[in-house]
Undergrad: 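The structure that follows is given in the form of structure tokens.
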Amino acid sequence: MLFSWLDRRRRERILAAPFRADWLDYLQKNVALYSLLPATDQAKLRDDLRIFISEKSWEGCGGLTMTDEIKVTIAAQACLLLLGVEHEYFDHVQTILVYPSAYRAPDGEVGPDGVVHEGIGRLGEAWPGGPVILGWDAVLEGGRNPEKGNNVVLHEFAHQLDFLDGLADGTPPLKSAEEYRRWHAVMTAEYDRLCKASDQGKATVLDQYGATNPAEFFAVATECFFEKPLQLQHSHPQMYDVLRDYYCQNPVAWFMSTGAETSPHRHRRPYRGNRSRKDPKTAAPKPAFETNQPGWVRFWMLGTYWPREVAVERLRYMLYMLVASLVFGGLALAGMSRRASGAVIGFALVGILGFSAVWLWLAVKWVDRHGWKEPHP
Ligand SMILES: [Zn+2]
């Protein structure tokens with residue numbers, strides 16, 4: 001209680017000071033995405049990065065002298081991930097180590113999380129509960145050239161979001177079972193698609209380093225989402241929608257610079273745990289395929305989770321089980337003088353299965369009328 005009050009006071013003092021002009025220069029020079037943001041987001045980012053800088057331990061390694069420019073450039077890009085949600089400034093990351101250049105790791109060193117980059121000349125590294133390690137040249141390169149879609153800061157801090165639930169599995173904490181189901185369906189299909197394209201030597205919008213494992217896939221997808229949103233939305237619309245709803249941000253709007261975007265953080269909640277993310281509907285200017293459907297249809301995740309053939313097959317199974325329950329209930333009823341519970345169970349199953357089957361059948365008919373979306377190959 002006392003500490004949180006002291007924290008709040010300290011943060012208020014930091015934000016009460018005007019934003020330094022030289023820091024603004026660093027932002028404009030080194031963080032290209034900053035100038036694309038709406039003014040409200042720019043202001044929030046300037047506030048967030050000052051708190052972020054003050055609450056981390058910054059260390060220059062390999063002869064690098066730590067400077068404000070390095071801190072501002074890294075902090076701005078890390079905090080960009082959090083613009084759409086209320087957050088605690090990556091409070092599980094205490095230390096940021098910066099090398100002058102892509103640095104050399106000791107031979108044979110392998111991260112416990114499976115997310116350590118190539119052993120020699122790593123660009124960056126993220127450890128659960130540990131430091132984030134970055135090469136300054138890679139930070140600058142990524143920050144100044146978003147069109148390339150490689151950004152080591154966004155990448156490593158996306159890993160940190162993934163680590164929040166204690167697992168480096170490419171799925172950060174989400175809000176609901178439905179969100180997990182949607183995430184799993186879309187991201188698994190997209191990961192498989194990238195792996196296949198990588199095996200076949202095909203060009204892809206996503207960096208093929210993402211085919212390493214699902215954790216890398218999420219980090220790479222995050223880089224692409226913020227830096228090449230138009231291409232990502234065009235060729236992977238479902239994944240774009242999933243990431244847009246997760247980050248509660250719509251980078252396509254920055255690049256289109258229509259000026260019509262509303263502030264993406266109106267209903268902010270903490271970013272941890274199941275209640276972490278804001279209601280995606282409030283952040284979704286363009287509804288996803290599923291969100292065009294009424295709730296009773298969306299329940300079945302048709303098209304995304306179940307293609308039509310699968311839905312029809314499940315419907316058939318339900319009918320078989322319904323007939324079997326009817327027979328079971330009927331037989332139990334015939335011998336009811338001895339035991340009534342069998343008949344009750346049998347007819348309860350008939351009721352549940354009948355209700356579900358009619359519901360699914362109506363949902364399939366609804367999507368038939370409004371069009372199916374092909375699931376990803
Ligand atoms: Zn990585």
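Counting convention: from 1, in listed order, for ligands and their atoms alike. Just so you know, these numbers come straight off a predicted model, no measurement behind them.
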Undergrad: Any N/O/S atom, backbone or side chain, of E156 lying under 2.8 Å from the Zn ion (ligand 1)?
TA: no

Undergrad: What atom name does the N, O or S atom of E216 nearest to the Zn ion (ligand 1) carry?
TA: OE1

Undergrad: Okay, side chain of R50, backbone of A17: is any donor-acceptor separation there less than 3.5 Å?
TA: yes

Undergrad: Taking the six-membered ring for Trp and the single ring otherwise, decide whether the centroids of F218 and W183 are under 6.0 Å apart.
TA: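 Yes, ring centres under 6.0 Å apart.
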
Undergrad: Report yes if some heavy atom in the side chain of L37 is under 4.5 Å from a heavy atom in the side chain of L33; otherwise report no.
TA: no

Undergrad: Kindly report the NE2-the Zn ion (ligand 1)-NE2 angle for H159 and H155 respectively, rounded to 10°.
TA: 100°

Undergrad: Verify whether the ring centers belonging to H159 and F157 lie closer than 6.0 Å.
TA: no

